[in-house]
Every structure is written in structure tokens, then in C-alpha cells.
2 protein chains.
Amino acid sequence: MADKARRTRAFEEVLLQVERRISDDGLRVGDRLPGERQLAEQLKVSRASVREALRVLETLGVVSSQAGRGPDAGAILTSRPDSALTDLLRLSLGLSSLSLREVIDTRLMLERWSAEQAAQAVRRTSPDPSPGALSASGPDAMTRAIGAMEAAATAEEFVEHDIAFHVAIAEASGNRLVAAVMRALRDAMRRYAIEAVDRLGDTSVLREDHHRIHNTITSGDAAGAIDAVTTHLAHAYPELF
Amino acid sequence: MADKARRTRAFEEVLLQVERRISDDGLRVGDRLPGERQLAEQLKVSRASVREALRVLETLGVVSSQAGRGPDAGAILTSRPDSALTDLLRLSLGLSSLSLREVIDTRLMLERWSAEQAAQAVRRTSPDPSPGALSASGPDAMTRAIGAMEAAATAEEFVEHDIAFHVAIAEASGNRLVAAVMRALRDAMRRYAIEAVDRLGDTSVLREDHHRIHNTITSGDAAGAIDAVTTHLAHAYPELF
DNA sequence: CACCGAGTATGGTCAGACCATACTTTAGGA
DNA sequence: TCCTAAAGTATGGTCTGACCATACTCGGTG
């Protein structure tokens, strides 16, 4: 007969209602949701179903739960899509549903775009080529990450700060969505980055690349920044170019 | 004292164990997870906690649960990151945690990259400029979507097939990650796309753009394709350019 | 006024029960 | 022998009610 669609489960109804409440009531980050017991009573479902819905929302980075009492307790609306994106990509990689090639191609797209936008942002804020002029915490974070990479003793440490460096570029682009995707991508492929660094053995080429990327961006040289990050990726993953 | 990190909850332990099992045992898409009761007994937690973990995995598009008995029943591993991405973006937009500007800038990046890659893919598979040579279902889907848009009576219908058209381009690029992000992005901003079409009133400009995009891609003209999608986005969202 | 303990509302967890579903097995009959 | 219908059973879906740990709130006490 009809009814091909699986009957909606109780927690899905809760999800719909909560999302409706968010958009209709204009709830903002920081606002609180009703307690689990109260929500269960309002929606005529069990607390277990409410909890499953809240778990979904927590996974999507929309709510954050705190036990105890007071203004900070309960489920409050947040917005941290980063960890959700990271989990998503990491699990997809683990299931071999995405190839490393696809992920790195995507990363190259993000890196080129971010570097270009970051350099253009520099040019906009300071038409004269004066170094260190980014408004956000971008350049500080970039400089700090470069320094930390010089001192890194292990591949793990190096990759840690390498991620921070490239995420700082994405943040300097001014686009939080791109920055979130970049962060998730790098976190999810952290393992493969460490392997790549181990295979290379010497990180001097990568470190030189980083300086060139940093210089081109802070001097507002968009075309040069694009070329620099492209060369950098080719150095890190020569087998894919 | 120490212990700043919140004590890990029971379902988080289940998540870790299941993910470890996936990567250690080399589980693949289609494989089955133990039943909820069995998993609860193995991990010494309640079934409710197991269910919360499974709900998280389902949200991330990693498992899909089917009731009943037999080979298809239980929690089987899947890989559908699309809906998770869509939910993520839609909720982030709903919470105003991302601006429309950021989303559309990201879309422009994806569109330009996809169009370029799709055109290059055509050139690789058929060096001679013969029309309709994409290996995947890309060109068929693109052609079909263009036809459906001609027949669309409402903005909703038009946007529906517009999404299909642009997702087909992303799929023709051969990168499933980019295609998934494109699909999620378009689904999440469907509402705004409909508003934009309503504001325009006349869709003839957009339809002409689609033909040009399609022609440049199927003729392998990468630079032309990039320019065509850029112009198209400018027509759809003139206020952002 | 400062401190400390009882009260209480919150999320976190558990055990156990029941339902709906859908395959598996078995008994019955053609 | 073969087909069909009924019984069996394992699965996820839901609910109830209880208890714990946490952390704020309030009131009493010094």
C-alpha cells in the first residue's frame, strides 16, 4: 500500500518541534530550552525520546547540556558546527566512503580560496604594503603557529601547529563556514598528515613554504598566495600531483 | 583540582568503542553492528545509553536502523553524510550563526571549482569537442534539470530543479565530498533561493545562464565555465556583488 | 555580615516492561 | 511433494519509574 515512508519516530517529532520553536520564537545562541522532563510532558513523549532528540541536536552542535542548577544549567543553544563536521569527515574516511584524493583535492580548493581571500582582506584594510595588518587574530595565530612548528620535536607536534597555521589562514579569510570546513578537514585527516610528514622525513621544505605563504598573504599578494599554497600541497602530497 | 574535562558519559564510551571496532575490525558499509541489547551487555551500559550512541551515529549518517528480523534488520553501517551536512547548515543558518553572505561566498567557491573540474573531466575523456561525453550521470541529470526548469510553474519547482542542476555539476566534478557539500548547502539555503527567485520575478536570465554553463562544460571550456557560473551567481544575488 | 548546610532542579543512568515489525520455523493441508 | 498459514522469535521503538551526581538557592547560624 502507501505508507512507504517509515513512520516518524518519537524523537524525530521532538526534533521538528524544537527546530520549529527555534525559528518561530527566534531563539538565539545562549537561550535555554525547557528541561527534559518539561519538554517530555509538553510533547507527550517519554523523557528517553526527548533525550535522544537532544543527543542529535548536541551532535549537530546546536545545544550543549549542563547538569546542576542555575542559569547555566539545562540545554542551552550553542553553535559549534566544527566538531560535528569533524566527526562526519573522520567517520566517512574511516568507512572508506571518501578517498584521500577527494579530501585533499577539496583541501586544495579551500586553501587556495582562503589564501586569496586573506591576502585581499589585507589589501583592503591597508592599501600600503605594511606587514602585520590583519584585523582578526589571523596573523598572530599564523606567526605563533610558524614559531611553534620550528620548535616541534615530533611529527605529531608539527602537524598540530601546521593545522593551526592553515586554520588561521581560513579564519583570516573572514568566512566562518570555510574556516569550519577547513578545521574539520584537517582534524579528520590528522592521521594521514602525520604519516605524510613521517614519509617526508625533513620538514624544512614545508617550513619554507609556510614562510612564503605568510609573506604573500601579509603583503596582500593574492596571486602569490594562491601559488604558494598550491606548491605547498604539492610538496606535502607529491604522489597526488 | 584536575578533572576539568567533564566525565565522559556512557554513550560517549559506546561511541568510542563502536568507532574503534569500525576501524580495527575493518568494518565496511553494509556490515551489521551487534543488536542494542547485545551491545549494552558487552559494554556494560544500559540499552538507553546504547541507543543514544546509535542516534548520534545515525545523525552522522554512519548507521541506519531497521526493525524486524533477518539480514536487513538491526543497525547496519551506511555512509550518507549528505543529510547530516544539510541539517548542520540549516540549523546554523537558523541560529544566525552563519551569515547568508558567508554561505553564498562558499557556494561561489564550490560552483567555480565544480564547473572547472567538470569541464576538465570532459576534456580528459573526449579530447575532440563532441557534445555529451561525460561518463557519469552528470550530463543526463544536467539536461534533465534544465528541461524541468523550463516547465516549472512555481518558484519552488524552479528552485527544486535548479538545485538538481547545480548538484549534477558538482557530481560531474568527480569529487563526492564537494558534491555532498554542494547538496547540503543548496538544501539548507533552499528557502533563501526561493525568495531570491521570487524577488527576481523573471527566470529567463537564470535559464539562459544555465544553458551557457551547460554548453561550456560539455565543450570542455573550463575558463568559460568558471565565468559562466560566476555571472550566474551575480544574477541570482545581485545585492551581494 | 559571613559562612555553612538543607533543599531542590537539572542532566545522567539504569532496569524492566511492553509494542510493532518482519523474518523463520513449523504444522497443516492440498 | 509442495504450498500456505500460523506460531515463534529477534529486532528496534517507546514508556515508566526510579536513583545518582551535580550545582545552584535559600535559610539558618555563628
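Predicted, not measured: the structure shown is a model, and the values here were computed from it. Numbers restart at 1 for each chain; the letters A, B, ... are given by sequence-line order, proteins then strands.
Between A:Phe165 and A:His210, the angle of the ring planes lies from 30° to 60°, which puts this pair in the tilted group.
Between A:Glu12 atom CD and D:dG13 atom C1' there is a gap of 11 Å when expressed in whole angstrom units. Rounded to an integer number of Å, the gap from A:Arg51 CZ to C:dC14 P is 10 Å. Note: CG (A:Leu15) to C1' (D:dG13) measures 15 Å, nearest angstrom. Rounded to whole angstrom, the span from the CZ atom of A:Phe11 across to the P atom of D:dG12 amounts to 14 Å.
Contact check of residues 28-45 of chain A against DNA chain C (heavy atom, cut-off under 4.0 Å) returns A:Gly35, A:Glu36, A:Arg37.
Between B:Ser49 and C:dG12 there is no side-chain polar atom (N or O) within less than 4.0 angstrom of OP1 or OP2. At the phosphate of C:dT8, neither OP1 nor OP2 sits under 4.0 Å from any side-chain N or O atom of A:Arg69. Between A:Arg47 and the phosphate of D:dC15, there is no side-chain N or O to OP1/OP2 separation shorter than 4.0 Å.
Side-chain atoms of B:Asn175 come within 3.5 Å of backbone N or O of B:Leu177 as a donor-acceptor pair. Using a distance-only test at 3.5 Å, with no hydrogens or angles considered, no donor-acceptor pair links the side chain of A:Ser114 to the main chain of A:Glu111.
Toward the 5′ end of DNA chain D lies the nearest nucleotide of B:Ala75, the other residue of the pair B:Ala75 and A:Ser46 mapping further downstream.
With salt bridges taken as basic N to acidic carboxylate O contacts below 4.0 Å, none links A:Asp140 and A:Arg144.
Contact check for A:Gln17 versus A:Glu13: side-chain heavy atoms found under the 4.5 Å cut-off.
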TODO: Apply the test side chain to side chain donor-acceptor pair (under 3.5 Å) to residues B:Glu102 and B:Ser99: give CA-CA distance (whole Å), side-chain angles for both, the deciding distance (0.1 Å), then the verdict.
DONE: CA-CA 5 Å; B:Glu102 286 169 304; B:Ser99 71; 3.2 Å; yes
